[in-house]
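Written out below as structure tokens is the structure these notes cover.
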Amino acid sequence: MSKIKVRFAPSPTGNLHVGNLRTALVNYLFARRADGHFMLRIDDTDTERSTPEFEASIRADLTWMGMEWDSEDRQSQRLGRYDEALQKLVADGRAYACYETQEELALKRKAQLSAGRPPVYDRAALKLTEAQKAQFAAEGRRPHWRFLLDHSEVSWTDMVRGDVSYHMSSLSDPVLMREDGRVIYTMASVVDDIDHDITHIIRGEDHVTNSAAQIQLFEALGGTAPVMGHVALLAGADGEGLSKRLGSLSIGQLRDEGTEPEALARLLARSGTADPVVANADMFAIIEGFDLSRFGRATAKFDPAELVQVNVKIVQQRGFDDVSTQLEKLSVGGGEAFWLAVRDNVSTVAEAAHWWRVCTTPLAPVIDSAEVAAAAAAHLPDGDLDGVWGAWTKSVSEATGAKGRGLFMPIRLALTGQERGPEIGPLLRFIGRERILARLRGETA
RNA sequence: GUCCCGUUCGUCUAGGGGUCUAGGACACCGCCCUUUCACGGCGGCAACACGAGUUCGAAUCUCGUACGGGAUGCCA
């Protein structure tokens, strides 16, 4: 048994959304789990829509998620191979030239549809005589090429869907090469998978009919089809397809909103399975627990609210070393002590900046109890403010008789202006004596 | 239109004829803990899309209906 090798093959015609990223992640985890090889393949044969910017964005997203690839290739560098493959197919009688224009084909489809028949290509080009083809050539018309499907039943055992079979007669012969000589994904992908020795193809269920046709292509090209796995698609929280709302679930936006990569990975690796989403940032644990056969066949919903919940837990587990660079960028000071003081009260790392501002920039205090505030000001211990919280509040309590919430809430409101937040004690040294006293007097400071 | 696939607590799902008064996780609610919030502990609420059929017995098998997703490109 050769080593397992999978690939993620995005086309740089747009930014990744959670659905795409999930496909990438599933491949990545499958490879890592099996100690296999994870390849990145850039499917850039659609030169009209592919851009270097999208490609850079895709790479950035994968890297951000921690999915290193073991090798990479791009289809635009392998054009010669596709021509060779087409030649072989033509020689073997499995590919044939077609001369219909796109308008003619569209018309044909429409007619079939209104006649209540499936819009399958009628293979009219197969009946063209040599003279007719010569005539087209003389007119300067160039052919596009189709794969001659064997109208049998194709079946395979799918890694997530079990036994699948398709009657190929309900499919159109797929176009392999455009009129202008550019290769179509259907063939390029198969040629690549053969040349790269891909052993398992894992992709979304939107590819099942592709897979059926491609299995015949693999065989026609002298290879055997890899093991297939089609995971159910992800839908938005409302159940609608993800592609319809690219913007709201783009990886870039999630990242900007403070999503931690491990949170996304955790959720994406588990949604569609029965396994609980564990908020643990350990990527190794995610790999260990990954099992493709646990994925269901039903469309899973991706709920951003759940992502937020997982994310909060991941953030609160972050050690200072994990976030120091980010805090620096946010101009949050205070070092490890500050992070430890606030991390249980933030839902994103960026929110630490909020509490840093509360501590270090002027705010309007809320004086809920003038008596407690005055006593607090009077009893604030001299010297280092670290660790004085207990003694300080005790003396304030003795002086005023205030206890519990009645004691702590006025101090919290005076010092932070808010009812909720991190424990006050560890924050004192960051607010500073002067500011504490001023705020207790009700002054904006 | 045609072809695939799907439909179990709010969500992700377990389950493949009797063990299902349907299990788990997350969410939610309550209680406990607590010097805010959170964490943690304990408990609770809550689902087999609908209709026929097969069977002694159906969440599980069959058919139909409804709804949803995908495919049906000289996109990937």
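Below, chain A is the first sequence line, B the second, and so on; all start at residue 1.
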Rounded to the nearest Å, what distance is computed from the [atom1] atom of residue [X] to the [atom2] atom of nucleotide [N]?
{"X": "Glu100(A)", "N": "G73(B)", "atom1": "CD", "atom2": "P", "answer": "13 Å"}
{"X": "Tyr166(A)", "N": "U72(B)", "atom1": "OH", "atom2": "P", "answer": "10 Å"}
{"X": "Gln309(A)", "N": "A25(B)", "atom1": "CD", "atom2": "C1'", "answer": "12 Å"}
{"X": "Arg109(A)", "N": "C74(B)", "atom1": "CZ", "atom2": "C1'", "answer": "10 Å"}
{"X": "Asp180(A)", "N": "C74(B)", "atom1": "CG", "atom2": "C1'", "answer": "8 Å"}

Of all the nucleotides listed ([options]), which has the minimum atom distance to the side chain of [X]?
{"X": "Arg420(A)", "options": "U36(B), C74(B), G69(B)", "result": "U36(B)"}
{"X": "Arg161(A)", "options": "A76(B), C4(B), U11(B)", "result": "C4(B)"}
{"X": "Pro118(A)", "options": "G1(B), G70(B), U11(B)", "result": "G1(B)"}
{"X": "Glu306(A)", "options": "U35(B), C74(B), C26(B)", "result": "C26(B)"}
{"X": "Pro119(A)", "options": "U36(B), G1(B), C12(B)", "result": "G1(B)"}
{"X": "Leu105(A)", "options": "U11(B), U36(B), C74(B)", "result": "C74(B)"}
{"X": "Lys313(A)", "options": "C3(B), C37(B), A27(B)", "result": "A27(B)"}
{"X": "Asn345(A)", "options": "C26(B), C37(B), U35(B)", "result": "C37(B)"}
{"X": "Phe408(A)", "options": "A71(B), U36(B), U35(B)", "result": "U35(B)"}
{"X": "Asp46(A)", "options": "A71(B), U7(B), C75(B)", "result": "C75(B)"}

Criterion salt bridge (Lys or Arg N to Asp or Glu O under 4.0 Å) against Arg7(A), the qualifying member of Asp43(A), Asp193(A), Asp192(A) = Asp193(A)

Ring-ring centroid check Trp69(A) Phe8(A), cutoff 6.0 Å = no

With sequence neighbours excluded, tell me which residues meet ring-ring contact (aromatic ring centres under 6.0 Å, His included) with Tyr99(A).
->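 Partners of Tyr99(A) under the ring-ring contact (aromatic ring centres under 6.0 Å, His included) test: Phe136(A).
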
Do Glu55(A) and Arg59(A) meet the salt-bridge criterion of a basic N to acidic O distance under 4.0 Å?
-> yes

Distance between [atom1] atoms of [N] and [M] (Å, rounded):
{"N": "A27(B)", "M": "G18(B)", "atom1": "C1'", "result": "34 Å"}
{"N": "U13(B)", "M": "C31(B)", "atom1": "C1'", "result": "29 Å"}
{"N": "C28(B)", "M": "U7(B)", "atom1": "P", "result": "27 Å"}
{"N": "G64(B)", "M": "C4(B)", "atom1": "P", "result": "11 Å"}
{"N": "G1(B)", "M": "G15(B)", "atom1": "C1'", "result": "36 Å"}
{"N": "A46(B)", "M": "C12(B)", "atom1": "C1'", "result": "15 Å"}
{"N": "U19(B)", "M": "G30(B)", "atom1": "P", "result": "35 Å"}
{"N": "G10(B)", "M": "G73(B)", "atom1": "C1'", "result": "39 Å"}

With a 4.0 Å cut-off on heavy atoms, is [X] in touch with a base, just the backbone sugar-phosphate, or nothing at all?
{"X": "Arg182(A)", "result": "nothing"}
{"X": "Thr45(A)", "result": "sugar-phosphate"}
{"X": "Val175(A)", "result": "sugar-phosphate"}
{"X": "Glu205(A)", "result": "sugar-phosphate"}
{"X": "Pro422(A)", "result": "base"}
{"X": "Glu423(A)", "result": "base"}
{"X": "Trp145(A)", "result": "nothing"}

Restricting to pairs with a member in residues 198-208 of chain A, which pass salt bridge (Lys or Arg N to Asp or Glu O under 4.0 Å), not counting sequence neighbours?
-> Arg161(A)-Glu205(A)

Who pairs with [N] - Watson-Crick or G-U, where each distance is under 3.5 Å:
{"N": "G40(B)", "value": "C32(B)"}
{"N": "C56(B)", "value": "G18(B)"}
{"N": "G1(B)", "value": "U72(B)"}
{"N": "G64(B)", "value": "C50(B)"}
{"N": "G10(B)", "value": "C26(B)"}

With a 4.0 Å cutoff (strictly under), does any side-chain N or O of [X] reach OP1 or OP2 of [N]?
{"X": "Thr186(A)", "N": "A76(B)", "value": "no"}
{"X": "Lys403(A)", "N": "U35(B)", "value": "no"}
{"X": "Arg146(A)", "N": "C74(B)", "value": "yes"}
{"X": "Arg178(A)", "N": "C75(B)", "value": "yes"}

Is the closest side-chain donor-acceptor distance between Asn210(A) and Tyr185(A) under 3.5 Å?
->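 No.
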
Any protein N or O atoms within reach of nucleotides 43-49 of chain B? Criterion: under 3.5 Å, listing atom names and distances.
none

What form does the base of G16(B) take, syn (within 90° of 0) or anti?
->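 G16(B): syn.
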
Apply the test side-chain hydrogen bond (donor to acceptor under 3.5 Å, both in side chains) to residues Arg41(A) and Ser189(A): give CA-CA distance (whole Å), side-chain angles for both, the deciding distance (0.1 Å), then the verdict.
-> CA-CA 9 Å; Arg41(A) 190 181 83 204; Ser189(A) 182; 3.0 Å; yes

Gly404(A) or Leu113(A): which one's nearest nucleotide on RNA chain B is closer to the 5' end?
->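 Mapping each residue to its closest nucleotide by heavy atoms, the 5'-most match is Leu113(A).
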
If each of Tyr185(A) and Asp163(A) is mapped to the nucleotide of RNA chain B with the nearest heavy atom, which maps nearer the 5' terminus, i.e. the 5' end?
->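 The residue closer to the strand's 5' end, by nearest nucleotide, is Asp163(A).
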
Determine whether [X] and [Y] make a side-chain contact, defined as any pair of heavy atoms from C-beta on separated by less than 4.5 Å.
{"X": "Ser152(A)", "Y": "Gln216(A)", "value": "yes"}
{"X": "Val26(A)", "Y": "Phe295(A)", "value": "yes"}
{"X": "Leu171(A)", "Y": "Tyr121(A)", "value": "no"}

Over 60° means perpendicular and under 30° means parallel, so classify the ring planes of Tyr28(A) and Phe38(A), tilted if in between.
->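 Phe38(A) and Tyr28(A): perpendicular rings.
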
Verify stack between His207(A) ring and A76(B) base, 5.5 Å, 30 degrees = yes

Distance-only donor-acceptor test (3.5 Å): side chain Asn210(A), base A76(B) | yes

